[in-house]
Each structure stands twice: as C-alpha cells, then as structure tokens.
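Right, one structure below, let's go through it.
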2 protein chains.
Amino acid sequence: MSTATVSRYFNAPDVVAQATAARIRDVVERTGYVPNLLAGGLASSRTKLIAVAVPRFSQPLFASTIQAIADALANAGYGVLLGLTGSSDQHAEGQLVSIVGRRPDGIVLAGTSLSSDARKWLRNSGVSVIEIWDLPRDPIDLVVGFSHIRVGQAIARHVLNSGRRKAFMISADGARARERRAGFIRALRSGGAPDPVVAAFTGGATTYRDGRSALALHLESGRDPDVVVCSSDWSAHGAMDELRARGRRVPEDVAVIGFGDLDFASELVPTLTTVKIDGEAIGRKALAFLSLRSEGKRIQQSVIDIGFSLIVRESG
Amino acid sequence: MSTATVSRYFNAPDVVAQATAARIRDVVERTGYVPNLLAGGLASSRTKLIAVAVPRFSQPLFASTIQAIADALANAGYGVLLGLTGSSDQHAEGQLVSIVGRRPDGIVLAGTSLSSDARKWLRNSGVSVIEIWDLPRDPIDLVVGFSHIRVGQAIARHVLNSGRRKAFMISADGARARERRAGFIRALRSGGAPDPVVAAFTGGATTYRDGRSALALHLESGRDPDVVVCSSDWSAHGAMDELRARGRRVPEDVAVIGFGDLDFASELVPTLTTVKIDGEAIGRKALAFLSLRSEGKRIQQSVIDIGFSLIVRESG
DNA sequence: CTGAAAGCGCTTACAG
DNA sequence: CTGAAAGCGCTTACAG
C-alpha cells in the first residue's frame with residue numbers, strides 16, 4: 001500500500017475504500033502510528049498550528065479569553081504554540097521570530113506592544129496575525145478587540161451619574177490600562193469633576209496587594225475619595241478590604257469599581273461593579289478569521305470591535 | 001552559496017568563516033529570512049519543541065510553575081506547544097495524539113490523569129515525558145513533583161500542634177487534592193482528633209466563591225470548627241471573609257489554612273498560613289532532564305521529589 | 001479508488 | 001571552511 005493512500009486515510013477518509021480503510025486502521029491501532037505533522041506541514045504548507053502570544057502565562061485578565069481561544073482552536077484541530085512575550089521587547093521579538101520559524105497558520109497577539117519595525121516585519125512574514133483585546137491604530141493584519149478609551153469613558157459617565165466626583169485610580173502601567181485611564185480622566189473633566197489621583201503600578205495587572213497598599217497610602221495622606229476605580233478586580237478587592245479595615249463603608253462612603261468580571265466579583269460583599277469582556281466572542285471571531293484565510297477568502301471587515309459591558313453591582 | 005553553509009550559519013556559527021557569515025547576515029537582514037523549523041526538525045529529528053499539557057489555561061495553582069517552565073524553555077531556545085487536557089479524558093488523549101504528531105523533544109504533563117492505556121501508549125511513543133506536581137506510583141518516564149499525601153499530613157501535624165481538633169475541609173475533587181485530604185485525615189486520626197467534615201468541589205482549584213459558600217453552609221448547619229483547611233488560597237480567602245462576616249475571629253476562634261502561597265496570601269488580614277510549592281525549582285529540574293536526554297545521557301534518578309514548605313503566618 | 005513520482009526546506013555525513 | 005547529494009516523512013497533482 002502506498003503512503004499516498006495512508007495520507008488520504010487521515011486527511012480525506014471518505015475518498016478511501018472501506019476495505020482499505022479497515023486495513024489501515026488495523027495497522028495504525030497495532031503499531032500506535034501517529035502521522036508526523038512536521039512532514040505534513042512541510043509538504044502541504046498548512047501546519048494546523050496557531051501561535052498565541054501573551055505577556056505572561058496567565059496574565060490573569062486574559063486567562064479566560066485565551067482559554068476560550070485555545071478551546072476553540074483545539075476543537076477545530078489546531079495545535080496551540082505558546083509565546084511568552086513579557087520579559088522585554090527584545091525578548092518578545094525573539095519569541096516572534098521563533099514562532100514564525102514554525103510557520104503557524106496564524107498568530108494571535110494579546111497585550112503585546114511591538115516596535116513598528118517588528119510590526120512591519122510581521123506584516124511581511126506572510127502569516128495571518130490577529131491582534132486581540134485592543135483596537136490598534138495601525139493594525140498589523142486582523143483585529144478582534146475593544147476600545148479601552150471607551151471603557152474609561154463609560155466608567156466615568158457611570159461615576160458622574162452616581163453623583164461622585166472625588167476619584168482615586170489604581171491603575172496598571174501598561175498601554176491598555178493607560179488608555180482606560182486617559183478615557184476616564186477626559187470624561188471626568190468634561191463632566192466638571194476634578195482630576196483623580198492616580199496610583200500606577202508597573203508589571204501586568206494590578207493585584208490584591210496593589211489595591212490594599214495604594215488605598216492605605218492614599219487614605220493616610222488624608223485624602224477622602226468617594227470612588228475608587230481599579231484596573232483589575234483583584235486590586236478592587238484589595239481596595240475594598242482596606243477600606244473596610246479603615247472603617248469606610250462601601251458603597252455608602254465610597255464606591256469601588258473593578259475591571260475584568262472575574263469569578264469572585266459577584267461573590268464579594270458587597271458585590272463588585274466591574275467591566276466584562278466576552279472572551280468567548282473573541283475566540284469565535286478569531287477562529288472565523290482563520291477559517292476565511294484558510295479557505296483563501298477575502299476578508300472585507302478586518303477589524304472587529306466586540307465592545308464590553310459595564311456590570312453595575314452593589315459596590316457602586 | 002550552498003544551503004548547507006547557511007544551515008551552519010544558523011546552527012553552528014563558529015564553523016563558518018567571518019566573511020561568509022557577514023554575507024549571509026546581510027541577506028538575512030534584507031530579506032527577513034527565517035529558517036523553516038519544520039524542515040529543520042524533520043531533517044534533524046530534533047524539533048526544539050516542548051509540549052506543556054495542563055487541564056486548563058491558567059489552572060491557577062499551576063500558573064507560576066508553568067510560567068517558570070515556559071521561561072526556562074524559551075531561554076533555552078525551545079518552543080512551547082500548549083495542550084489543554086481539561087475538557088474530558090477523551091479530549092486529553094486526543095490532545096496528546098496531536099502533540100505527539102508534532103514530535104516534540106519532550107512533554108511536560110501537569111495535573112493530567114491518564115488512563116493506563118494512554119500511559120502505556122505515551123511510554124511507547126518514544127518521546128520524553130516529564131510528569132510534574134505529583135509523584136505518580138507508576139511513572140510514565142521522568143518525574144519532578146512532591147507528595148500530596150505528605151502535604152496533608154504536614155498540615156494535620158501543624159493543626160494538632162496548635163491544639164485544634166474540629167476541622168472543616170474545603171477541598172477540590174481532583175486526584176491530588178484528594179490525596180492531600182487523605183493524608184490530612186489519616187494524620188488527624190492518628191493524633192486522636194475526629195474526622196473533619198469535608199466540602200468537596202468539582203472542577204479545578206477551589207475558588208473564593210467556593211470558600212464563602214462552603215463556610216456559610218457549614219456554619220448555618222450549626223457546626224463550629226476550630227480550623228478550616230482549604231485546597232487553595234482562594235477558597236481560604238473566601239472562608240476568611242465569610243467567617244468575619246459571621247463574627248468569627250481568625251485565628252482566635254478558628255484558624256484558616258490555604259494552599260499555593262499565591263501573591264495575596266501574605267497580604268490578607270490576617271496573613272494566610274499556607275503551603276508553598278517552588279515552581280522555579282520544578283522548571284529547572286525539568287529543563288535539566290531535557291538537557292540530559294538531548295545529549296543522549298543516561299538518567300540515573302528519574303524521579304525527583306522537590307518537596308514543599310508549610311508557611312505559618314497569622315491565620316493559624 | 002490507488003500508486004508512482006516529484007517536491008516541501010532543511011540537515012548531515014562525506015569529500016575536498 | 002564549503003559544497004554535492006541523500007534523506008527526513010509527508011502531500012499532491014497526474015495517470016490509470
């Protein structure tokens with residue numbers, strides 16, 4: 001029997017005669033043969049491999065989105081190549097080179113900011129790139145994201161509508177958190193409220209610890225905010241605990257707003273007002289992009305804004 | 001210039017003449033050429049690819065360990081293939097087949113329980129397998145882990161030494177959490193304490209929500225534990241919050257013990273007593289295994305127990 | 001429905 | 001230090 005027929009058995013079973021298929025199946029079971037996908041990818045120039053690049057494994061805010069994407073990919077028969085781009089810009093570009101070397105059918109880029117040289121190089125590499133979780137001004141290729149500026153504005157409008165004006169922000173120092181911050185401040189201003197005090201933390205999402213310590217410092221400096229806006233649900237949780245420890249009531253004295261709608265947000269006492277991103281929707285759209293590309297179809301709308309939802313709960 | 005020389009430039013630069021290297025470098029820069037690692041892997045039968053299989057992206061307790069392993073691998077020039085084995089046993093084996101198809105130089109298996117057929121098949125696949133985070137009785141190949149039974153026993157001894165006897169356990173329902181539970185109960189018994197009441201939760205690590213709800217139910221049923229032992233720091237956090245909400249003092253009335261030593265454990269009020277696993281040590285050992293294998297060296301000690309530390313803080 | 005043959009882009013002894 | 005040539009294990013028109 002020829003290797004061609006075995007190849008067809010795996011890739012287009014319906015084209016192989018029943019009897020032939022049975023013989024192949026039998027040998028495969030006995031020997032535990034697994035087709036070499038390297039050779040297959042090389043020969044067909046379709047690797048069924050998608051790279052997913054994130055700053056850190058389980059950048060916590062991305063986690064559910066990445067999980068959704070990876071599940072969708074696995075179900076569609078793709079392998080997932082993980083790229084950790086966090087350590088440094090140089091490191092990120094090294095990762096990307098090593099990823100492109102494996103000729104994935106696509107690269108999903110989450111929360112990674114690249115130099116414009118790197119962006120140009122990626123564009124020329126010929127592999128499909130899907131940037132998620134943001135709406136870049138100069139997309140490399142495909143985009144599934146949302147506007148962080150608008151998130152900040154939406155939070156500000158909600159704050160103003162609740163009659164609060166003295167905001168304290170606990171914010172990460174990444175590009176996206178900064179955009180949310182800018183949107184928030186701009187909208188506060190146009191609502192006539194004073195600029196918030198901002199505590200900025202470097203290094204990924206703000207943590208429970210960040211929330212506690214930022215709030216401790218802020219209150220000790222004699223400030224008295226009526227709303228605390230946090231760049232993650234964790235720091236919001238920490239902020240709430242610190243507020244309570246210092247005798248402030250939430251939401252009577254001060255509101256607390258998070259970001260991410262993590263599993264515990266609805267379980268805190270009081271339950272946490274926050275912003276929810278639909279990770280599964282991102283995964284679905286990304287997969288749809290890849291399908292179109294693999295069928296060689298033209299993509300008319302290459303930027304998809306999936307939006308976000310402000311979930312108002314008890315905390316403010 | 002022959003492809004052989006270019007290949008040497010990338011894989012053994014020192015063997016190429018300066019002038020030749022310069023010419024190659026020049027062309028590479030101008031064209032953005034990236035060697036095809038599929039072809040390279042096929043030709044050399046070393047893929048520089050390591051698969052990492054975990055139940056879910058960011059199974060939270062594994063996160064820092066996986067991050068450490070992935071960093072170590074990336075620094076050593078390996079690509080990381082991600083396998084999500086969580087959905088179901090069948091799904092896990094499908095993932096493994098698809099992983100083996102890419103001929104990785106090794107597979108790191110974390111928190112995945114496989115049927116004995118699957119284990120046998122993997123053993124015969126010829127790829128190096130490193131099981132981490134556990135000490136399986138019948139290892140597939142290499143192991144870097146610790147004894148969950150001994151973790152449970154260590155917690156029990158600490159509890160007994162603190163003079164506490166009425167334990168409530170909040171436990172996940174996975175194989176490892178069950179072992180910790182068994183070790184805990186066994187050691188409690190041999191210390192003369194009554195068996196604890198156990199609240200078991202299916203599906204990965206126990207969450208903040210699990211901790212709150214389990215404790216609410218337990219207290220409402222009229223019980224009055226003097227120690228709460230949790231299978232994750234999250235559920236311990238939830239338990240502490242619920243205890244406080246119901247007027248119990250920690251640790252005066254009841255101690256709380258977690259698992260994982262996550263970033264917030266030292267930041268809670270009171271700070272959380274918990275168990276710490278050294279993820280970086282696991283990563284280092286795993287990489288050392290891979291190096292030995294790639295050099296074709298014999299591995300004398302194929303099972304490494306990296307142990308754990310009980311970190312006693314204010315909560316009990 | 002099946003096979004012979006060329007080719008995918010590298011690596012690696014083997015010569016030189 | 002460099003090149004010619006075989007080979008890695010598949011896929012894919014092309015015949016039949």
Side-chain angles (χ1 to χ4, degrees), chain A residues 1-28 30-49 51 77-79 81 97-105 124-127 293-296, chain B residues 1-28 30-49 51 77-79 81 97-105 124-127 293-296:
Chain A
M1 177 169 318
S2 73
T3 62
T5 302
V6 177
S7 173
R8 292 190 192 99
Y9 167 79
F10 281 105
N11 300 314
D14 31 309
V15 103
V16 175
Q18 294 279 325
T20 316
R23 279 175 60 204
I24 299 178
R25 187 163 29 244
D26 186 52
V27 177
V28 166
R30 283 214 321 278
T31 59
Y33 167 75
V34 177
N36 185 325
L37 264 25
L38 294 175
L42 181 59
S44 68
S45 68
R46 306 193 317 109
T47 51
K48 277 283 183 179
L49 227 210
Y78 285 95
L81 185 63
V97 170
S98 132
I99 284 171
V100 167
R102 297 188 196 275
R103 303 294 188 269
D105 291 341
N124 292 335
S125 74
V127 0
R293 277 284 161 82
S294 85
E295 294 164 12
Chain B
M1 177 168 317
S2 73
T3 62
T5 302
V6 177
S7 173
R8 293 190 191 99
Y9 168 79
F10 281 105
N11 299 315
D14 31 310
V15 103
V16 175
Q18 294 279 325
T20 316
R23 280 174 60 204
I24 298 178
R25 187 163 29 246
D26 186 53
V27 177
V28 166
R30 283 214 321 279
T31 59
Y33 167 74
V34 177
N36 185 326
L37 264 26
L38 294 176
L42 182 60
S44 69
S45 67
R46 306 194 317 110
T47 51
K48 277 282 182 181
L49 228 209
Y78 285 95
L81 185 63
V97 170
S98 132
I99 283 171
V100 168
R102 297 188 196 275
R103 303 294 188 267
D105 291 340
N124 292 335
S125 74
V127 0
R293 277 284 160 84
S294 86
E295 294 164 12

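The sequence lines fix the lettering, A, B, ..., with proteins before strands; numbering per chain opens at 1.
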Next on the checklist: What is the distance, to the nearest angstrom, from the CG atom on A/N36 to the C1' atom on C/dC8?
Outcome noted: 13 Å
Next on the checklist: Heavy atoms only, 4.0 Å cut-off, all strands: where does A/V6 land among base, sugar-phosphate and nothing?
Outcome noted: nothing
Item to check | Pair pattern of DNA chain D in dot-bracket, where unpaired bases get dots and | marks partners in another strand, Watson-Crick or G-U under 3.5 angstrom | outcome: |||.||||||||.|||
Checklist entry - B/R103 and B/L42: side-chain contact (heavy atoms from CB on, under 4.5 Å), yes or no, with the steps? => result CA-CA 9 Å; B/R103 303 294 188 267; B/L42 182 60; over 6 Å; no
Checklist entry - In whole Å, what is the span from the CZ atom of B/R102 to the C1' atom of D/dG9? => result 15 Å
Checklist entry - Separation of A/L38 atom CG from C/dT11 atom P, in whole Å? => result 13 Å
Next on the checklist: As a test of reading the structure: which of C/dG9, D/dG9, C/dT2 is closest to the side chain of A/T20, going by heavy atoms?
Outcome noted: C/dT2
Item to check | Residue list, salt bridge (charged side-chain N to carboxylate O under 4.0 Å, His left out) with B/R293, at least two apart or on another chain | outcome: B/D141
Between the protein and nucleotides 12-14 of chain D, which nitrogen or oxygen pairs come in under 3.5 angstrom?
residue : atom : partner : partner atom : Å
D/dA13  : N6   : A/R8    : NH2          : 3.3

Checklist outcome for this item: Atom CZ of B/F10 and atom C1' of C/dG9 are separated, to the nearest Å, by 13 Å
Item to check | First of B/A19 and B/L42 reached from the 5' end of DNA chain D, by closest nucleotide | outcome: B/A19
Item to check | Inter-nucleotide P distance (C/dA5, C/dC1), Å rounded | outcome: 24 Å
Item to check | Set of residues satisfying side-chain contact (heavy atoms from CB on, under 4.5 Å) with respect to B/A43, sequence neighbours excluded | outcome: none
Item to check | Any residue meeting side-chain contact (heavy atoms from CB on, under 4.5 Å) with B/L81, in chain and number order, not counting sequence neighbours | outcome: A/L49, B/L49, B/A51, B/I99, B/R102
Item to check | Protein-nucleotide distance (B/Y9, atom OH; D/dT2, atom P), rounded to Å | outcome: 13 Å
Item to check | Value in whole Å for how far the P atom of D/dG3 lies from CE of B/M1 | outcome: 6 Å
Checklist entry - Starting at CD1 of B/I24 and ending at C1' of D/dG3, how long is that distance when rounded to a whole Å? => result 13 Å
Checklist entry - Can you name the residues that form a side-chain hydrogen bond (donor to acceptor under 3.5 Å, both in side chains) with B/S125, not counting sequence neighbours? => result none
Got a list of side-chain donor-acceptor pairs under 3.5 Å for residues 7-18 of chain B, not counting sequence neighbours?
residue : atom : partner : partner atom : Å
B/S7    : OG   : B/N11   : ND2          : 3.4
B/N11   : ND2  : B/S7    : O            : 3.1

Checklist outcome for this item: A/S98 meets the side-chain contact (heavy atoms from CB on, under 4.5 Å) criterion, sequence neighbours left out, with none
Checklist entry - OP1, OP2 of C/dC10 versus side-chain N and O of B/Y33: anything below 4.0 Å? => result yes
Checklist entry - Which residues satisfy the side-chain hydrogen bond (donor to acceptor under 3.5 Å, both in side chains) test with B/D105, sequence neighbours excluded? => result B/T47
Checklist entry - Minimum heavy-atom separation for B/L38 to B/N36, with atom names? => result N-OD1, 2.7 Å
